[in-house]
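This report refers to the structure that appears directly beneath it.
Numbering of ligands and ligand atoms starts at 1, following listing order.
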Amino acid sequence: MLLAACSGRQSALDPAGEDAETLALMFTVMVTAAAILWLCLNGLFFYVTRVSPRRMSRKLANGLVIGGGILMPLVLIGALLAWGLSILPDHDQPGDGLVIRVQGEQWWWRVAYETPEGDVISANEIRMPVGERVSFVLDSHRVIHSFWIPSLGGKMDMFPGRQTNLSLRADEAGIYRGQCAEFCGASHAWMAFEVEAMEPDAFDAWLAAEAAPAGPPDGGAEAIGRQIFAREGCGGCHEIRGTEFQGQVGPDLTHVGSRHSLGAGRLGARLEDFSTWIAHTDDLKPGVEMPPFDHLPQEELTALAAYLKGLQ
Ligand code: CUA
């Protein structure tokens, strides 16, 4: 069970970036040092109580208490502390240019990529170029959340009305999982996100596509889905750039069909996941603000799903 947590896309022990590597090294050294100390201490304890209870002189015993109980821990723990502080990643260090602002919501993530042409708005997913240090600027809408991508680095709290910074670099392309790491209400555990570290060229192409407005519905089912989206008032909360839907309450859906997950990491992103999410939001994510649209017949849910999945 312990070893099962050592790898995978959400493990601090399976680093895929510079900062996470430093933290994994620190963890390994600290655990190893603690294990050695624990073994020495218990070995000594066993020796003086069981193997040779009477052989120790008063002077040696006093020396052990002072040396082993005060001096050695001071020196060793002091050295480990100094070493740990010296290699600790600087969460504020300057990036290579890309700034991504992330705001914690109940229970999802509002994401904005800063570009010279203005912000590119997205949600519940982070994409970043491999080999480049990215500056994350974090805050929160109402309560404290914590932004954590274990494969890439340490966590950073997100506060309402106060900005915090986190600097991360991914060194291996791949898809990782981020998770809110601060209890923030009923669905805290369901507040996750996918992180895709891409080759820089692929990232640039993706960002250009993400900046573009949504394309028109492709085919009959998608067109019907768009009508249902309008009829049910979905645009009151969700924005789809390039359409009349301009809501700012919920996640931007302009390119929701190209994301890896739905409901902030709650479901996958297959067609049926869209209809499942729309009909069962409150079951899937207790306390979520989006009401369940379980009154819609399945064919309407499927058409809505087709429209949203088509927003590539
Ligand atoms: Cu957001 Cu826990």
Side-chain angles (χ1 to χ4, degrees), residues 5 8-14 16-17 19-20 23 27 89 91-92 99-114 119 121-128 134-168 170 175-197 237-239 247-253 256 259-269 273 276-278 280-292:
R9 61 200 198 106
Q10 191 186 339
S11 173
L13 301 179
D14 189 7
D19 311 80
L23 295 177
F27 173 83
H91 60 82
D92 231 359
V99 176
I100 306 178
R101 296 202 312 276
V102 186
Q103 186 174 49
E105 293 278 357
Q106 232 70 350
W107 291 272
W108 59 279
W109 315 82
R110 207 182 272 278
V111 181
Y113 299 78
E114 292 186 1
D119 288 350
I121 304 298
S122 183
N124 295 336
E125 186 164 292
I126 304 282
R127 304 231 186 178
M128 55 195 282
V134 177
S135 303
F136 289 92
V137 178
L138 311 170
D139 74 343
S140 168
H141 183 202
R142 273 177 288 184
V143 303
I144 300 176
H145 303 273
S146 183
F147 183 84
W148 190 27
I149 311 168
S151 304
L152 299 186
K155 57 186 83 156
M156 179 55 71
D157 279 358
M158 313 167 95
F159 303 94
R162 189 184 132 196
Q163 191 177 293
T164 47
N165 301 311
L166 184 63
S167 172
L168 294 176
I175 297 179
Y176 309 105
R177 189 169 186 273
Q179 168 68 41
C180 179
E182 178 81 34
F183 181 73
C184 54
S187 281
H188 153 71
W190 294 125
M191 185 173 173
F193 57 104
E194 305 281 315
V195 183
E196 183 169 355
C237 288
H238 295 286
E239 173 160 38
Q248 297 295 319
V249 178
D252 180 286
L253 299 180
V256 69
R259 289 183 202 148
H260 298 296
S261 79
L262 280 184
R266 180 65 181 89
L267 293 177
D273 293 321
T276 305
W277 170 251
I278 295 165
H280 303 289
T281 50
D282 55 347
D283 292 337
L284 290 163
K285 191 172 265 204
V288 71
E289 284 181 40
M290 177 170 157

Determine whether a donor-acceptor pair (N or O, by modelled atom type, separation under 3.5 Å) exists between the side chain of S261 and the backbone of G268. no

Does M191 bring an N, O or S atom to under 2.8 Å of atom 1 (Cu) of ligand 1? yes

Is atom 2 (Cu) of ligand 1 under 2.8 Å from any N, O or S atom of H188? yes

Taking the side chain from R266 and the backbone from L284, do they hold a donor-acceptor pair closer than 3.5 Å? yes

Between the side chain of H238 and the main-chain N/O of P251, is any donor-acceptor distance below 3.5 Å? yes

Could you tell me which N, O or S atom of H145 is nearest to atom 1 (Cu) of ligand 1? ND1

Using atom 2 (Cu) of ligand 1 as the vertex, how large is the angle between SG of C180 and O of E182, rounded to 10 degrees? 90°

Please tell me whether Y176 and F193 form a close aromatic pair, meaning their ring centres lie under 6.0 Å apart. no

